[in-house]
Amino acid sequence: MREKLSNLYAKDGTKAVLSSLISIVIGLVVGSIIILLVGMGNPSLGLSSAWDGIRLVFGGLFSTGRSAAGTLTFGFNPTNIGNMLFRATPLILTGLSVAVAFKTGLFNIGAPGQYLMSTAATLYVALTIPSESVPTVLIWILAFLSGMLAGALWGAIPGLVKAYLNINEVLACIMTNWIAANLVTWFFDGSALCNTAEFGKTGYVYKTSYNGVETFKMGLDKLFPGSQVNGGIVIAIVMAVLVYILMSKTTLGYELKACGANRHAARYAGIADRRNIVLSMAIAGSLAGAAAALYYLSGNTEFFWSTYQSLPATGFNGIPVALLAVNNPIAVIFTGCFMSILDISGLQLTNLTAYNEYITDVIIATIVYLSAFSLVIRMLLSGRKKHKAAAKTSSAVETKPAPGPSDGADEKGGEEA
Amino acid sequence: MTFLVQQTLIYAIPLMIVALAGVFAERSGIINLALEGIMIFGAFVGVYFVRYMQEAGTFAAAKEAGDWVTLQGFELLAMLVAALMGALFSLLLSFASVNLKADQTIGGTALNLMAPALVLFLIRILANQNTLQMAEGDAASWFMIKKTTLGFDRSAELGFFGTTFLHKVYLATYVCILLFIVLSIVLYKTKFGLRLRSCGENPQAADSLGINVYKMRYAGTTISGALAGMGGFVYALTTANCTANGDVAGFGFLALAVMIFGNWKPLNIAGASLLFGLFKCVAASYSSIDINGDGVYLLAEIGVSPHFYRMLPYLITLIVLAFTSKKSRAPKAEGVPYDKGKR
């Protein structure tokens with residue numbers, strides 16, 4: 001079914017794009033309505049500030065601040081675009097992480113935990129190998145790889161308990177997230193990696209540039225002056241292409257997708273379903289790990305180590321990135337950029353108006369909510385008790401998609417039946 | 001010991017009531033992954049209601065006069081408001097999963113993302129900071145029941161049970177226990193409960209007997225939302241001193257784990273939540289637990305890192321699930337959208 005679906009998808013690519021665009025527009029409109037309501041309900045904010053807020057929600061990327069007269073100005077802003085690309089890098093990778101798991105019928109809500117474990121591994125390697133005796137390029141590569149490895153190992157845990165002990169992967173992922181948050185805090189608590197050199201920075205781990213390790217810029221900093229952009233975005237795009245090749249052009253990718261479509265049928269066809277579930281989660285984990293590695297190896301980002309009460313939002317935002325991209329690795333590149341545009345808009349909103357960046361999270365949540373409908377058919381088999389639903393006779397569930405009112409899903413449903 | 005029991009109850013009771021919320025949804029056939037989000041939303045609404053009422057001065061006279069009965073009524077009112085708004089918020093989930101037959105996991109995740117975002121957005125605008133507090137005083141001075149409020153003398157000796165269950169407690173805790181018992185009876189001993197459960201086991205058969213599956217699922221999810229919203233406020237009131245900050249530290253997910261561990265049965269859930277409450281209590285206040293009252297703080301002195309204690313509830317959940325998941329028996333039709341035309 002997944003195979004058939006992806007064929008359908010190829011044919012109906014435009015429809016998928018259209019339904020994602022509709023979700024995005026509705027999400028932005030909902031955000032604007034909330035801003036409007038809050039603005040009208042609050043005398044100190046008023047309509048004009050609400051109008052400012054709404055304009056920033058839609059065009060935050062092109063905001064250039066406020067003019068002397070106090071009105072918002074818009075225009076081409078290379079710093080914003082460079083920062084957008086920088087922030088898109090981890091989002092693309094966590095998006096890929098969630099997408100790969102989805103293709104195998106698993107919901108990887110554990111990306112935040114994998115991201116954190118990779119952060120710890122990356123920073124540890126990048127900061128402890130002496131840069132006097134080892135070339136920094138080598139350290140960079142080692143740190144990047146160990147980050148991916150840490151993510152993969154952490155991702156494999158929910159995969160293992162799902163495959164062998166039949167624990168719902170969503171719950172397992174959430175528990176591993178919090179365990180990771182505590183482990184990482186424990187790891188850095190009192191460690192020599194905490195920044196003691198700069199005053200007021202004890203809550204942070206040293207930047208990797210402290211040890212001379214930095215991601216190469218590839219001239220992007222010249223293109224977008226004043227921004228944090230670096231070669232990480234190129235690596236992220238290359239990885240997206242690699243994942244696309246893995247999922248669509250290799251036997252392993254086919255097996256993974258077969259497990260996602262129907263685990264039991266896949267086993268009947270001689271595919272090692274358990275191994276594939278673990279493998280899929282490990283790949284997903286390594287991608288989330290790469291996200292953290294690239295983010296912290298950039299050399300100008302700091303990690304606040306006392307993180308036991310909070311999980312990194314980048315991990316969770318991989319979910320909307322993947323959902324919007326309908327789990328297509330290439331589309332993830334664009335939806336990742338879109339999410340980081342929202343991020344930038346949120347920052348502009350905080351800096352330039354009385355509103356704050358959380359409105360962009362509301363918009364993201366709305367988009368996820370809407371994408372739940374358009375995924376009706378695709379996800380009918382997965383969810384908590386997927387295998388059970390499938391086992392229950394040959395269950396009409398698999399053969400007959402439920403009619404969904406959202407247009408894209410409906411049309412696909414029609415062809416499927 | 002008194003401290004240990006009270007602290008454990010403080011964590012166990014919200015866990016218990018929210019796990020029951022999960023049971024109502026899942027028994028009707030809807031996976032309510034949004035428990036966490038609804039809790040966050042309920043906590044915010046309850047705290048905001050308290051704050052708003054304080055600013056309006058509605059209960060100022062009662063507070064002035066030390067009329068604790070009215071203040072307890074205020075607390076119950078806030079719980080009710082949180083429950084109503086939680087139910088309202090959960091309609092988003094029922095609409096998506098019953099009417100639109102959407103994927104329930106993603107729908108629930110959307111609500112989980114929505115609640116903290118919306119709540120933090122509003123808190124920032126209302127309070128100019130990331131935490132919403134009461135307008136004046138704190139939970140202890142307004143809502144906590146002490147032995148002096150009950151008319152005992154300050155130096156009165158109430159014995160172990162008296163000091164544990166009557167001194168420095170919240171009415172909300174007991175209301176939750178009562179609700180838990182009543183709703184468990186409703187689920188198992190009434191016509192409504194039987195119909196609800198049948199929709200989670202075999203909706204087609206239920207439908208053939210004239211039960212409206214859609215209505216039942218709406219009912220299950222709405223009750224679930226109300227309980228989770230109330231549980232969120234009770235959590236904020238008793239553990240966070242009546243403040244809301246868009247976070248309940250994974251409590252909604254722990255409740256889901258408790259529900260699975262308790263095998264979707266109220267009695268087992270009550271036991272499981274006490275166990276998890278104990279671990280949560282150890283994690284939160286290991287350094288001040290004095291088990292037999294001899295001034296020896298054992299857990300603080302054996303030298304285990306506090307990070308380990310904080311990790312414990314989640315680690316134990318995972319391990320316990322690993323051991324029990326083979327035996328667990330979920331409602332058969334949960335997570336499967338009901339379609340009349342389907343065989």
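Keep in mind that this is a model prediction, so the values were computed, not measured. In what follows, every chain begins at residue 1, and chains take the letters A, B, ... in the order their sequences are listed.
Note that the CG atom of B/L256 and the CG atom of A/L171 stand 5.5 Å from one another [nearest 0.5 Å]. Here OH of A/Y358 is found 9.5 Å from CD1 of B/I123. Values are rounded to the nearest 0.5 Å. Rounding to the nearest 0.5 angstrom, the gap separating the CD1 atom in A/I179 from the CZ atom in B/R310 is 15.0 Å. In this structure, A/L165 CG and B/I319 CD1 are separated by 11.5 Å, a value rounded to the nearest 0.5 Å. Distance CZ/A/F107 to CG/B/D103: 8.0 Å, rounded to 0.5 Å.
Neither the backbone nor the side chain of B/L126 comes within contact range of chain A, judged by heavy atoms closer than 4.5 Å. When heavy atoms are compared at a cutoff of 4.5 Å, A/T366 approaches chain B by way of both its backbone and its side chain. Within the 4.5 angstrom heavy-atom criterion, atoms from both the backbone and the side chain of A/L183 approach chain B. Of the two parts of B/F308, the backbone and the side chain both hold a non-hydrogen atom closer than 4.5 Å to a non-hydrogen atom of chain A. Contact annotation for A/V362: both backbone and side-chain heavy atoms come within less than 4.5 Å of a heavy atom of chain B. For B/N245, no part lies near chain A; criterion is any non-hydrogen pair under 4.5 Å. B/L92 touches chain A through backbone and side chain together, each having a heavy atom under 4.5 Å away. For a residue to count as touching a neighbouring chain, one of its non-hydrogen atoms must lie under 4.5 Å from one of that chain's; by this rule A/I359 touches chain B with backbone and side chain alike. Looking at A/I109, the atoms closer than 4.5 Å to chain B (heavy atoms on both sides) all sit in the side chain, from C-beta outward. Heavy atoms of A/Y369 lying under 4.5 Å from chain B belong to its backbone as well as its side chain.
No option in B/F251, B/F253, B/Y314 other than B/Y314 meets the ring pair (Phe, Tyr, Trp, His ring centres under 6.0 Å) test with A/W178.
At a threshold of 4.5 Å between non-hydrogen side-chain atoms, the residues A/N168 and B/L321 do not count as touching. When side chains are defined from C-beta on, B/L254 counts as touching A/M175, because their heavy atoms get closer than 4.5 Å.
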Does the side-chain contact (heavy atoms from CB on, under 4.5 Å) test come out yes or no for A/N182 and B/Y309, once each step is laid out?
CA-CA 9 Å; A/N182 281 293; B/Y309 290 124; over 6 Å; no
Evaluate the criterion side-chain contact (heavy atoms from CB on, under 4.5 Å) for residue pair A/W186 and B/M311; output intermediate values, then yes/no.
CA-CA 10 Å; A/W186 192 357; B/M311 198 192 316; 3.6 Å; yes
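Considering only heavy-atom pairs separated by less than 4.5 Å from chain A, the leading option among B/A322, B/P313, B/G107, B/S97 is B/A322. Ranking B/T317, B/L113, B/L120 against chain A, the residue ahead of the rest is B/L120, based on heavy-atom pairs under 4.5 Å.
For residues 350-365 of chain A, the salt bridge (Lys or Arg N to Asp or Glu O under 4.0 Å) pairs, not counting sequence neighbours, are A/E357-B/R124.
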